[in-house]
Number of protein chains: 2
Amino acid sequence: MSHNQLNYLEELHAAGYRVTSQRQAVLDAVCAAGSHAPIEKILLHVSKLDPSLNASTVYRSLAVFVETGLVVMAMDQGRKVYEIANTQPHHHLRCRVCGSMVTLNAATTSSFFEQLASSYAYKIDMDHLVIDGICKSCQ
Amino acid sequence: MSHNQLNYLEELHAAGYRVTSQRQAVLDAVCAAGSHAPIEKILLHVSKLDPSLNASTVYRSLAVFVETGLVVMAMDQGRKVYEIANTQPHHHLRCRVCGSMVTLNAATTSSFFEQLASSYAYKIDMDHLVIDGICKSCQ
DNA sequence: TGCCTTCCTGCAAGTTTTCGCATTAAGGAT
DNA sequence: ATCCTTAATGCGAAAACTTGCAGGAAGGCA
Ligand SMILES: [Mn+2]
Ligand SMILES: [Mn+2]
Ligand SMILES: [Zn+2]
Ligand SMILES: [Zn+2]
């Protein structure tokens, strides 16, 4: 598993949720599935870890993880994709044509967010923005 | 209907799609359902206009409209919402707490997009961005 | 450790969304 | 106006996702 499991499980517990073997397996599966993984990829990894784990539990676990911020959910062409949350929020540029993704420099987005915050009196609270466009090689 | 129907139907046709009575009804329903309408709201309006219109046709029509840019799709708390596309792209700030939405000043977002374009050699192609945060009165 | 409360899980049923296929109709051409 | 080609629709079935409920396990407390 690529995450510091202890830390994530403690956070789960601190948020008032029980740390079950099923939730641990789903969290491991999210990590194993790599970034921006669609649900079927996660289900596949889960059933490898524990074939008896019910699909409805996977959906419910993901909802809990997103709720608590352990996992971030984003949209990729109208489909939900999941990835383990890093300590830092991060944002992407995504090519409509080839699907490739670039992680944005944090300074760029935070200055934009600060501008929005001051202009609109909004506290921006975005941990995974995906902006669509067309990359250099696809233009 | 709130859209200039003629124009939209011509665009559909120009994109190589057939202009059917069902698609006209779905487009009218999207307008009638107002902005950021979830699918069930659209289905409700559709069945008022034509009770015999099958739900699968509604899903397929929406996919065509999003594909051709006549309708924009956005995510509202993990749910797909639809709205008729204006001639100009527009973006929002959305409060996580009360759900209220603000339409962003176009200059603000376009300067951000231009900066991204020059830094990353990406042609930004975003017609409906929704940025989450917490509004002044909810902070 | 063992008990107790409450949350979580699996299962089955319900709901939503997608898909394949036969029939229908749009729209270009004559 | 009629014909022809092919895309679009409705329908039924499948797949994806959600929900209610009864049994089982987490974790707090003694
Ligand atoms: Mn990411
Ligand atoms: Mn909008
Ligand atoms: Zn590309
Ligand atoms: Zn608010």
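Below, chains carry the letters A, B, ... as their sequence lines are ordered, and counting in each starts from 1. Scope of the values below: all heavy atoms of this structure, side chains included, with no hydrogens, waters or symmetry mates.
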Student: Give the residues of residues 62-78 of chain B touching DNA chain D, defined as any heavy atom closer than 4.0 Å, sorted by residue number.
Tutor: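 When residues 62-78 of chain B is checked for heavy atoms under 4.0 Å from DNA chain D, there are no hits whatsoever.
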Student: Enumerate the residue pairs fulfilling salt bridge (charged side-chain N to carboxylate O under 4.0 Å, His left out) with a member in residues 52-76 of chain A, sequence neighbours excluded, ordered by first and then second residue.
Tutor: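 Matches after skipping sequence neighbours: A:Asp76-A:Arg94.
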Student: Does B:Ile39 belong to the same Ile/Leu/Val/Met/Phe/Trp/Tyr cluster as B:Leu70, with side-chain heavy atoms less than 4.5 Å apart forming each link?
Tutor: yes
Student: Between N or O atoms, less than 3.5 Å apart, protein on one side and nucleotides 27-30 of chain C on the other: list the pairs.
Tutor:
{"from": "C:dG27", "atom 1": "OP1", "to": "B:Val19", "atom 2": "N", "distance (Å)": "2.8"}
{"from": "C:dG28", "atom 1": "OP1", "to": "B:His13", "atom 2": "NE2", "distance (Å)": "3.0"}

Student: How long is the straight-line distance from CG of A:Leu49 back to CD of A:Gln24, given to the nearest 0.5 Å?
Tutor: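 So the CD of A:Gln24 and the CG of A:Leu49 are separated by 11.0 Å.
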Student: Compute the angle between the rotation axes at the two ends of the helix from C:dT1-D:dA30 to C:dT30-D:dA1, each taken over five pairs, rounded to 10 degrees.
Tutor: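 Inter-axis angle at the ends, rounded: 40°.
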Student: Suppose the criterion is side-chain hydrogen bond (donor to acceptor under 3.5 Å, both in side chains): which pairs have a residue in residues 36-45 of chain B, not counting sequence neighbours?
Tutor: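 Checked against side-chain hydrogen bond (donor to acceptor under 3.5 Å, both in side chains) - neighbours excluded - the pairs reaching residues 36-45 of chain B are B:His36-B:Glu83, B:His36-B:His92, B:His36-B:His128, B:Glu40-B:Arg79.
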Student: Reading DNA chain D 5' to 3', which nucleotide is the first, and which the last, to come under 4.0 Å of any heavy atom in chain B?
Tutor: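 Nucleotide range with atoms under 4.0 Å of chain B: D:dT6 to D:dC11.
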Student: Counting the atoms with a prime plus P, OP1 and OP2 as sugar-phosphate, which does A:Arg60 contact under 4.0 Å by heavy atoms, base, sugar-phosphate, or nothing?
Tutor: base
Student: Can you list everything that forms a side-chain contact (heavy atoms from CB on, under 4.5 Å) with A:Val97? Sequence neighbours excluded, please.
Tutor: A:Cys95, A:Ile134, A:Cys138
Student: Just by modelled atom types, is the A:Gly78 backbone N or O under 3.5 Å from a matching donor or acceptor in the B:Lys80 side chain?
Tutor: yes
Student: Could you list the residues that satisfy side-chain contact (heavy atoms from CB on, under 4.5 Å) with B:Ala15, not counting sequence neighbours?
Tutor: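 B:Ala15: side-chain contact (heavy atoms from CB on, under 4.5 Å) contacts with B:Tyr17, B:Thr68.
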Student: To the nearest Å, give me how far apart CD (B:Gln22) and P (C:dT24) are.
Tutor: 14 Å
Student: In whole angstrom, what separates B:Arg79's CZ from C:dT16's C1'?
Tutor: 11 Å
Student: Apply the hydrophobic cluster definition, ILVMFWY joined by side-chain contacts under 4.5 Å directly or through others, and give me every member besides A:Leu44.
Tutor: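 None, because no other hydrophobic side chain comes under 4.5 Å of this residue.
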Student: Strictly distance-based, threshold 3.5 Å: is any side-chain N or O of A:Ser110 a donor or acceptor partner for the main-chain N or O of A:Ala106?
Tutor: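 Between the backbone of A:Ala106 and the side chain of A:Ser110 there is a qualifying donor-acceptor contact (under 3.5 Å).
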Student: Which salt bridge (charged side-chain N to carboxylate O under 4.0 Å, His left out) pairs, counting each pair once, include a residue from residues 112-126 of chain A, with sequence neighbours left out?
Tutor: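 Sorted result for residues 112-126 of chain A: A:Asp125-B:Arg96.
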Student: Is the side chain of A:Tyr8 donor-acceptor paired with the backbone N or O of A:Ala85 at a distance under 3.5 Å, no angle test?
Tutor: yes
Student: Rest of the hydrophobic cluster containing A:Phe113 (Ile/Leu/Val/Met/Phe/Trp/Tyr, side-chain heavy atoms under 4.5 Å)?
Tutor: A:Leu93, A:Val102, A:Leu104, A:Phe112, A:Leu116, A:Tyr120, A:Tyr122, A:Ile124, A:Met126, A:Leu129, A:Ile131, B:Leu93, B:Val102, B:Leu104, B:Phe112, B:Phe113, B:Leu116, B:Tyr120, B:Tyr122, B:Ile124, B:Met126, B:Leu129, B:Ile131
Student: Is there a donor-acceptor contact under 3.5 Å from the side chain of B:Arg23 to the main chain of B:Arg18?
Tutor: yes
Student: Report yes or no: does A:Glu11 contribute a side-chain atom to a donor-acceptor pair with the main-chain N or O of A:Gly69 at less than 3.5 Å?
Tutor: no
Student: Can you check the B:Lys80 NZ to C:dT18 C1' distance for me, whole Å?
Tutor: 11 Å
Student: Is any side-chain heavy atom of B:Val46 less than 4.5 Å from a side-chain heavy atom of B:Asp28?
Tutor: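 The answer is no, as the side chains (C-beta and beyond) never meet within the 4.5 Å cut-off.
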Student: Going by number, which of residues 47-57 of chain B have a non-hydrogen atom under 4.0 Å from DNA chain D?
Tutor: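 Per residue number, the list reads B:Ser52, B:Leu53, B:Asn54, B:Ser56, B:Thr57.
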